[in-house]
S.K.: 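Shown below is the structure under consideration.
When a ligand or atom number is given, it counts from 1 through the structure's own listing order. Counting from 1, the numbers follow the sequence of the chain as shown. All heavy atoms count here, side chains included; hydrogens, waters and symmetry mates do not. For clarity, every value in this text was computed on a predicted model and none was experimentally measured.
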Amino acid sequence: AAPAEAAAASSEPSSSSSSSSSSSSLSPVRLSGSRSGNCSALTPSAVVPNGVSRQITPHAIVSDACVSYDSLEKLNQNVKPAVDDLTHTTDYFSYYRLGLFGRTCPFWNDDSGLCGNIACAVSTIEDEADIPLVWRAEELSKLEGPKAEHPGRKAQKERPQRPLQGSLGENVGESCVVDYDDEGDDRDYCVPDDESASAKGDYVSLVANPERFTGYGGKSAQMVWDAIYRHNCFKKSSFPHSAGLGMSSVARGPAEQDFRAVLQSAERQQVLDQQRSQGIEGPVPSSTGLEYEDECLEKRVFFRVVSGMHASINTHICWDYLNKMTGERGRNISCYVERVQSHPERIANLYFNYALVTRAVAKIGPHLQAYTFCTGDRDQDAATKAKVAAVVDASLKQPEIFDESLMFKNGEGPSLKQEFKDNFRNISRIMDCTSCDKCRLWGKLQVAGYGAALKVLFEFDNGSGEIPLLKRTELVALFNLYARLSNSVDAVTQFRDLIETHGVTDKLIPVEEEKLKEDEPKALPDRVKLPHAVGQGQSKQHSEAVAENSDEWDGLKEPSSGDGNLTRLQQAAKDSADELKNVIAVFKYVMGGFIGFPRWLWHASLYEMDRAWRWYIGLYVPPRESYVEWPDLEAIFGHKPASANTEDQAVEREL
Ligand SMILES: Cc1cc2nc3c(=O)[nH]c(=O)nc-3n(C[C@H](O)[C@H](O)[C@H](O)COP(=O)(O)OP(=O)(O)OC[C@H]3O[C@@H](n4cnc5c(N)ncnc54)[C@H](O)[C@@H]3O)c2cc1C
């Protein structure tokens with residue numbers, strides 16, 4: 001993707017070239033160039049020579065948008081808590097329906113082992129034989145949490161409130177989750193028309209499957225990225241000045257186009273492989289046109305969206321990285337520096353995407369007031385609506401952010417609009433070649449999210465008063481994409497601070513306490529935490545969870561070569577911290593008792609004397625106010641300790 005990246009770099013404003021290449025690429029992100037901040041001032045930017053990565057300063061305007069980097073970071077301080085809350089705590093936005101399984105990679109033959117076969121991804125990275133099973137790429141790639149099949153029309157009709165019959169969990173508001181559109185949204189917007197329409201998709205939990213390091217990589221991942229960057233070219237007819245390697249005629253149907261693309265891609269891949277085997281770095285044979293700096297706004301935007309998505313995924317991988325030998329999770333600074341920070345144009349593209357999606361959310365937001373999120377649960381519906389409104393309010397704090405009205409207007413612009421859309425559909429199909437379920441989930445969701453954002457930006461006219469019709473899947477994808485980008489922007493700012501504190505290091509920076517708690521159920525089953533984790537009324541679910549996790553734990557219990565020691569040490573340290581908290585709580589309680597006792601004794605004595613006097617003179621005697629009771633352990637500890645619950649004790653004994 002080197003030439004394409006150079007093209008992205010070229011879209012940085014040229015006004016501050018003096019600050020460019022000299023500064024260290026390892027220094028905190030510096031963004032360069034400046035612009036008036038007025039969207040209407042947008043012009044195609046000057047071209048810089050291949051390979052020149054400009055440094056950028058915080059006050060610079062993000063190219064092709066109309067907002068500075070630091071304004072976006074400030075905006076994100078409001079957006080992040082709201083969008084995290086929305087995507088983590090509402091049923092509507094935390095489950096996603098998509099066709100994940102049974103799809104074949106339309107670009108390579110699965111038999112070749114290059115795609116669709118998990119083994120190819122695993123075998124090409126480091127030798128995994130020495131790695132405990134739970135940390136191998138194959139395991140890390142698997143989807144976790146509940147999964148439900150899309151119910152047929154009959155089930156939807158017969159059980160409108162419980163069409164999924166509790167398969168996602170008893171407390172899930174199913175009317176907030178089920179997508180009543182049987183056509184499947186991903187097919188509608190992001191997958192070409194000739195795709196098999198048989199699968200109706202599954203519902204998966206986005207919260208149980210966070211986007212983070214999975215170990216997926218090697219040739220399979222490389223081919224997918226290569227395909228994304230090189231297959232999705234704009235037709236030659238739209239590029240009068242583009243490279244001569246493009247398609248010579250316009251194919252009739254999507255399948256025919258794909259076929260041609262596959263043939264072309266195979267040829268290009270051959271040349272690329274040859275170049276790589278000879279150690280030649282440089283322009284890949286491609287028909288993107290970008291290497292020849294076909295720099296109309298639309299084509300730049302298309303590339304920037306893809307590159308920004310790639311940068312966001314890589315930022316999350318480095319942010320939530322796993323050392324597969326020790327099971328330690330943490331921030332991987334050198335990974336981030338290598339993959340993202342040392343390429344300022346990738347950061348620029350990431351921020352550009354953030355601006356673009358913010359604009360889409362702000363544009364559609366007011367229309368969502370009329371939207372019903374959960375047909376069968378009024379409370380959840382109201383709560384979801386309020387949380388969506390909070391995100392939209394936050395996004396509106398920066399009114400001038402991206403001016404979509406400048407796109408698809410001049411020159412070849414209008415003819416590019418359909419291609420833009422088709423290319424996104426194509427990218428969605430390429431995602432089926434990702435042989436890692438979790439990566440495919442997030443890859444597809446994000447592409448669908450960009451598809452929805454582009455639809456909002458370019459299909460709906462602000463002035464017309466027309467209400468944009470987004471389907472459930474598109475809305476869920478859009479807001480979860482926004483949450484991903486918001487987390488990436490936040491991670492970029494936090495990595496900047498980490499680099500200042502730790503320098504560029506290979507050592508993982510531990511994830512703070514809160515994050516560890518989220519991760520524990522995967523890394524350390526509940527059985528380990530039983531005495532602390534069991535709360536009131538949880539015993540049944542708890543014992544089920546223990547049963548479910550016990551296999552996983554068995555894999556970790558007696559690691560053959562000391563693997564997992566660090567994780568258990570972390571757990572031991574956490575247990576000690578919990579105990580210390582309990583001791584402090586008891587200490588405070590006892591000391592509070594001592595201090596309050598004289599006062600209490602004085603009041604109780606006066607009260608009792610008053611009662612005695614009343615009894616003596618024959619007046620009404622009020623009931624006694626003082627009595628002896630056991631301390632309320634829940635109030636002291638903030639939860640009911642396991643030992644106080646006999647049912648839970650039984651579970652403990654069983655184990
Ligand atoms: C759809 C998809 C989703 C994925 N999700 C995950 C995931 O959730 N967790 C996980 O651990 N792994 C995931 N991966 C794998 C991950 O993206 C990398 O491919 C893998 O970590 C190997 O990284 P790499 O350093 O070889 O370079 P890659 O990230 O594979 O990059 C390949 C080439 O693309 C170019 N490039 C890199 N970044 C950019 C950019 N921002 N803009 C332009 N060009 C760029 C570079 O020239 C690079 O050499 C996913 C892969 C795909 C295709």
S.K.: What do we get for Tyr229 next to ligand 1 when only non-hydrogen atoms under 4.0 Å count, side chain, backbone, both or neither?
M.R.: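 The side chain, only.
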
S.K.: Hey, looking at atom 42 (N) of ligand 1, which of Cys433, Ser435, Ser307, Gly308 has the closest heavy atom?
M.R.: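 It is Ser307 whose heavy atom sits nearest to atom 42 (N) of ligand 1.
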
S.K.: For ligand 1, which part of His316 has a heavy atom less than 4.0 Å away: the side chain, the backbone, both, or neither?
M.R.: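 The answer is neither.
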
S.K.: Give yes if a backbone or side-chain nitrogen or oxygen of Glu211 is under 3.5 Å from a nitrogen or oxygen of ligand 1, and no if not.
M.R.: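 N/O-N/O distance under 3.5 Å: no.
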
S.K.: Any side-chain donor paired with an acceptor under 3.5 Å for Ser220 and Ser435?
M.R.: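 A donor-acceptor contact under 3.5 Å links the two side chains.
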
S.K.: Is atom CG of Asp506 surrounded by more than 12 heavy atoms (other residues, nucleotides or ligands) closer than 6.0 Å?
M.R.: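 Atom CG in Asp506 is not crowded, with 12 or fewer foreign heavy atoms closer than 6.0 Å.
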
S.K.: Give the atom numbers and elements of ligand 1 that come within less than 4.0 Å of a heavy atom of Ala221.
M.R.: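 By the 4.0 Å cutoff, the relevant atoms are 19 (O).
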
S.K.: Under 4.0 Å, heavy atoms only, figure out whether ligand 1 is touched by the backbone of Val340, its side chain, both or neither.
M.R.: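 For Val340, there is no contact with ligand 1 at all, from either part.
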
S.K.: Applying salt bridge (Lys or Arg N to Asp or Glu O under 4.0 Å) to Glu211 and Lys438, what does each step give before you reach the verdict?
M.R.: CA-CA 7 Å; Glu211 186 190 38; Lys438 259 185 212 156; over 6 Å; no

S.K.: Could you tell me whether Arg484 sits above the aromatic face of Trp442, with NZ or CZ closer than 6.0 angstrom to the six-membered ring centre and within 45 degrees of the axis?
M.R.: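 The answer is yes; both the distance and angle limits are met.
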
S.K.: Please test Phe352 against Val301 for side-chain contact (heavy atoms from CB on, under 4.5 Å), starting from the C-alpha separation and ending with a verdict.
M.R.: CA-CA 9 Å; Phe352 170 81; Val301 165; 3.8 Å; yes

S.K.: Work out whether the distance between some heavy atom of Trp225 and some atom of ligand 1 is less than 4.0 Å.
M.R.: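 Under 4.0 Å: yes for Trp225.
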
S.K.: Out of Cys439, Cys318, Gly443, Ser312, who is nearest to atom 3 (C) of ligand 1 when you count heavy atoms only?
M.R.: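 The nearest heavy atom belongs to Cys439.
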
S.K.: Pick one of side chain, backbone, both or neither for how Ile317 approaches ligand 1, counting any non-hydrogen atom pair under 4.0 Å.
M.R.: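 Answer for Ile317: side chain.
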
S.K.: Could you tell me, atom by atom, which parts of ligand 1 come under 4.0 Å of a heavy atom of Gly215?
M.R.: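 Close to Gly215: 11 (O).
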
S.K.: For ligand 1 and Gln222, I'd like to know whether there is a polar contact (N/O to N/O, distance under 3.5 Å).
M.R.: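 In this structure, Gln222 places no N or O atom under 3.5 Å from an N or O of ligand 1.
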
S.K.: Can a salt bridge be assigned to the pair Lys444 and Asp432 using a cut-off of 4.0 Å between side-chain N and carboxylate O?
M.R.: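 A salt bridge links Lys444 with Asp432.
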
S.K.: Please identify which atoms of ligand 1 are closer than 4.0 Å to at least one heavy atom of Phe213.
M.R.: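 Going through ligand 1 atom by atom, the ones under 4.0 Å from Phe213 are 11 (O).
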
S.K.: State the atoms of ligand 1, each with its element, that fall below the 4.0 Å cut-off from a heavy-atom position in Ala311.
M.R.: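 Once the distances to Ala311 are compared, the set is 41 (N).
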
S.K.: May I ask you to check whether Asn76 and Tyr354 show a side-chain donor-acceptor distance below 3.5 Å?
M.R.: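 A pair is found: one side chain offers a donor N or O, the other an acceptor, under 3.5 Å apart.
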
S.K.: Between Glu338, Met431, His343, Arg346, flag the one that comes closest to atom 35 (C) of ligand 1 by a heavy atom.
M.R.: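 It is Arg346 whose heavy atom sits nearest to atom 35 (C) of ligand 1.
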
S.K.: For the pair Ser307 (side chain) and Arg304 (backbone), establish whether a donor and an acceptor sit closer than 3.5 Å, ignoring hydrogens and angles.
M.R.: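 No, Ser307 side chain to Arg304 backbone: no donor-acceptor pair under 3.5 Å.
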
S.K.: Run the ring pair (Phe, Tyr, Trp, His ring centres under 6.0 Å) test against His310 and tell me which residues pass, sequence neighbours left out.
M.R.: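 For His310 the ring pair (Phe, Tyr, Trp, His ring centres under 6.0 Å) partners, ignoring immediate neighbours, are Trp225, Tyr229.
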
S.K.: Between Glu73 and Arg496, does any NZ, NE, NH1 or NH2 come within less than 4.0 Å of an OD or OE carboxylate oxygen?
M.R.: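 Result for this pair is yes, salt bridge flagged.
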
S.K.: Would Arg212 count as being in polar contact with ligand 1, using the rule that some N or O on each side must be under 3.5 angstrom apart?
M.R.: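 Yes, there is a polar N/O contact under 3.5 Å.
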
S.K.: In terms of atom number and element, which parts of ligand 1 are under 4.0 angstrom from non-hydrogen atoms of Val224?
M.R.: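 That gives atoms 53 (C) of ligand 1.
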
